[in-house]
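Note sheet for the following structure.
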Number of protein chains: 2
Amino acid sequence: MSIKYAILGFLSWKSLTGYELKKLFTGSETLYWSGNNNQIYTTLAQLYREKLVTKEVQHQESSPSRKVYTITDTGLAALKQWLAAAPELPQLKNSFLIQLMWEDQLEPDELNALLDNYEEELRVRLLMVQEQERRRKASPAATPRTAYLWDMIGKNWISFYEHELNWLRQLRQELPNVPPKQEGSR
Amino acid sequence: MSIKYAILGFLSWKSLTGYELKKLFTGSETLYWSGNNNQIYTTLAQLYREKLVTKEVQHQESSPSRKVYTITDTGLAALKQWLAAAPELPQLKNSFLIQLMWEDQLEPDELNALLDNYEEELRVRLLMVQEQERRRKASPAATPRTAYLWDMIGKNWISFYEHELNWLRQLRQELPNVPPKQEGSR
DNA sequence: GTTGCCATGTAAGGTGTTACATGATTTA
DNA sequence: TAAATCATGTAACACCTTACATGGCAAC
């Protein structure tokens, strides 16, 4: 349940509304919930129940009242404890690799179309992440250390996709040299 | 819902029981459900309802009767369609990167302990995956092409963890040169 | 006039994990 | 005598996504 701590993290910098948090999540690869407002609003309600945040309701004539959330001392303590807690390993789910496992059952041109498709999607995503990074770097960071860490997080993502692309290119280069499938080899 | 097609994939090679499938899933990084028998048994029931597989019950005196599942022609067609379908991008969830986002709030020695911990876990996992690969390569593959593809899938995983380790080492090398956090910089 | 921004939420459904339940046989 | 293997499954819960619902205001 790291969305809880991601929210506390942002609130440790400054008080925010659910909507502002949603915008911060949107367009971040790392915060993979990416603007899923359901989880943001329900998690905020949960944090409020657990007294890790306080809520200030700002009534407005027009449309819903803004709810500004502020982290409590208990919240800060909970955040700090999580920050120091044993990290989990990354969780990578790549259904493309599952497809590849039985790719032998496809015709060469079908496979080629599949690989084209995957390569194209990877390239588009890489460009998106690079663009995101460029924009993020433009906004100032709290400390040089934070700036460095966020840069490294961005690099992690960029090189993840670059790496996947390189792997794919190697595969596409070598595959024609591998004896093709035998017909009726089921 | 790719577990459905992963099961059909295995059944396209030979008929299997739920228990045998469970063993095939266990210890595969790619098949990330890794021995979650709940999903295997429920998915098999679903595949049976959808007539993508047939079931042969083998009664045994002692303990539950084995249920051997066989793929149908409809099942083979469904599998082939999925194999040719547009691949999804990999989905990477790395809560360690989320922790890093606010690591500024930790003391240098706490951060160091965290990085130690992550590096160690990565190294252990890398060894596990390499060992898995070594064992998998020992068992014969259906076709040279399948062998090649499975090798590439293994390489993808190994280099994923190697890559993450390299990134971490770079971070640990550069971090001491970055000005430390300012006290009370909340 | 349609799109986008502000701002909150609910409902439903899909996916995934962990624990529980049973019980015989084999291996250490 | 304890454990692992064979073999099936259920229950509860956690997590995540998508769609729905409302409605004013500003910009193009």
Side-chain angles (χ1 to χ4, degrees), chain A residues 1-7 10 15-50 53 55-69 82 88-95 98, chain B residues 1-7 10 15-50 53 55-69 82 88-95 98:
Chain A
M1 244 292 213
S2 43
I3 194 175
K4 185 170 153 175
Y5 297 101
I7 289 175
F10 281 121
S15 298
L16 293 164
T17 68
Y19 187 73
E20 287 167 325
L21 281 164
K22 189 185 139 190
K23 281 192 295 183
L24 288 169
F25 276 71
T26 304
S28 165
E29 287 281 305
T30 313
L31 306 173
Y32 53 85
W33 307 268
S34 280
N36 175 352
N37 56 354
N38 175 330
Q39 257 177 296
I40 288 171
Y41 285 114
T42 53
T43 305
L44 277 170
Q46 188 203 323
L47 289 172
Y48 181 69
R49 261 182 282 124
E50 295 172 1
V53 300
K55 163 167 66 171
E56 192 205 346
V57 182
Q58 294 179 351
H59 288 286
Q60 297 172 130
E61 283 112 63
S62 60
S63 63
S65 37
R66 284 162 51 84
K67 295 183 183 173
V68 182
Y69 292 91
W82 180 76
E88 287 167 46
L89 283 171
Q91 235 190 305
L92 175 58
K93 296 180 185 177
N94 195 340
S95 70
I98 303 180
Chain B
M1 244 295 215
S2 43
I3 194 174
K4 184 170 152 175
Y5 299 100
I7 289 175
F10 281 120
S15 299
L16 293 164
T17 68
Y19 187 73
E20 286 166 327
L21 280 163
K22 189 185 139 189
K23 280 192 295 183
L24 288 168
F25 276 71
T26 303
S28 164
E29 286 282 304
T30 312
L31 306 172
Y32 53 86
W33 307 267
S34 279
N36 176 354
N37 55 355
N38 176 331
Q39 258 176 297
I40 289 171
Y41 285 114
T42 54
T43 305
L44 277 170
Q46 188 203 323
L47 289 172
Y48 181 69
R49 262 182 282 125
E50 296 172 3
V53 299
K55 164 167 67 170
E56 191 206 344
V57 183
Q58 296 180 347
H59 288 286
Q60 297 173 131
E61 282 112 64
S62 61
S63 65
S65 38
R66 284 161 52 85
K67 297 183 180 171
V68 182
Y69 292 91
W82 180 76
E88 287 168 47
L89 282 172
Q91 233 190 308
L92 176 57
K93 296 181 184 176
N94 194 341
S95 70
I98 304 180

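Below, chain A is the first sequence line, B the second, and so on; all start at residue 1. What you see is a predicted model, and the numbers here were worked out from it, not measured in a lab.
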Return the set of residues passing side chain to side chain donor-acceptor pair (under 3.5 Å) with [X] (not counting sequence neighbours), or none when no residue passes.
{"X": "B/Thr43", "value": "none"}
{"X": "A/Ser34", "value": "none"}
{"X": "B/Ser28", "value": "none"}
{"X": "A/Gln39", "value": "A/Asn36"}

Quick one: is C/dT8 close enough that its OP1 or OP2 comes under 4.0 Å of any side-chain N or O from A/Tyr41?
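Result: yes.
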Presence of A/Lys67 side-chain N/O under 4.0 Å of C/dG9 phosphate oxygens OP1/OP2:
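For C/dG9, OP1/OP2 do have a side-chain N/O of A/Lys67 under 4.0 Å.
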For residues A/Phe25 and A/Ile7, determine if any side-chain heavy atom of one lies less than 4.5 Å from a side-chain heavy atom of the other.
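Side chain of A/Phe25 against side chain of A/Ile7, heavy atoms only: contact under 4.5 Å found.
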Map A/Met1 and B/Thr42 onto DNA chain D by nearest heavy atom, then report which one ends up closer to the 5' terminus.
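Closer to the 5' end of DNA chain D: B/Thr42.
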The nucleotide from C/dA7, C/dG9, D/dT8 with an atom nearest the side chain of B/Tyr19 is D/dT8
Test of understanding: with side chain to side chain contact (heavy atoms under 4.5 Å, CB included), list the residues that count as partners of [X], not counting sequence neighbours.
{"X": "B/Tyr41", "answer": "B/Tyr19, B/Asn37"}
{"X": "A/Thr42", "answer": "A/Asn38"}
{"X": "B/Lys55", "answer": "B/Tyr48, B/Val57, B/Lys67, B/Tyr69"}
{"X": "A/Glu88", "answer": "B/Ser95"}

Among residues 20-31 of chain B, which residues get a heavy atom nearer than 4.0 Å to DNA chain D?
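Residues of residues 20-31 of chain B under 4.0 Å from DNA chain D: B/Lys23.
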Using a cut-off of 4.0 Å on non-hydrogen atoms, how would the nucleic acid contact of B/Thr17 be classed: base, sugar-phosphate, or nothing?
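The residue B/Thr17 makes sugar-phosphate contact but no base contact.
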Starting from P on D/dG9, measure out to CG on B/Leu44 and report it in whole angstrom.
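Those two atoms, CG and P, are 8 Å apart.
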Roughly, in whole Å, what's the span from CD in A/Glu56 to C1' in C/dA7?
16 Å
N/O contacts under 3.5 Å, protein versus nucleotides 17-19 of chain D?
unit_1: D/dT17; atom_1: O4; unit_2: A/Asn38; atom_2: ND2; d: 3.1

Salt bridge (Lys or Arg N to Asp or Glu O under 4.0 Å) involving A/Lys4 - partner list, sequence neighbours excluded
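If we apply the salt bridge (Lys or Arg N to Asp or Glu O under 4.0 Å) test to A/Lys4, skipping adjacent residues, the hits are A/Glu50.
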Which pair of non-hydrogen atoms, one from A/Val53 and one from A/Leu44, has the smallest distance, and what is that distance?
CG2-O, 4.3 Å
What's the angle between the local helix axes at either end of the helix from C/dG1-D/dC28 to C/dA28-D/dT1, using five pairs per end and rounding to 10 degrees?
40°
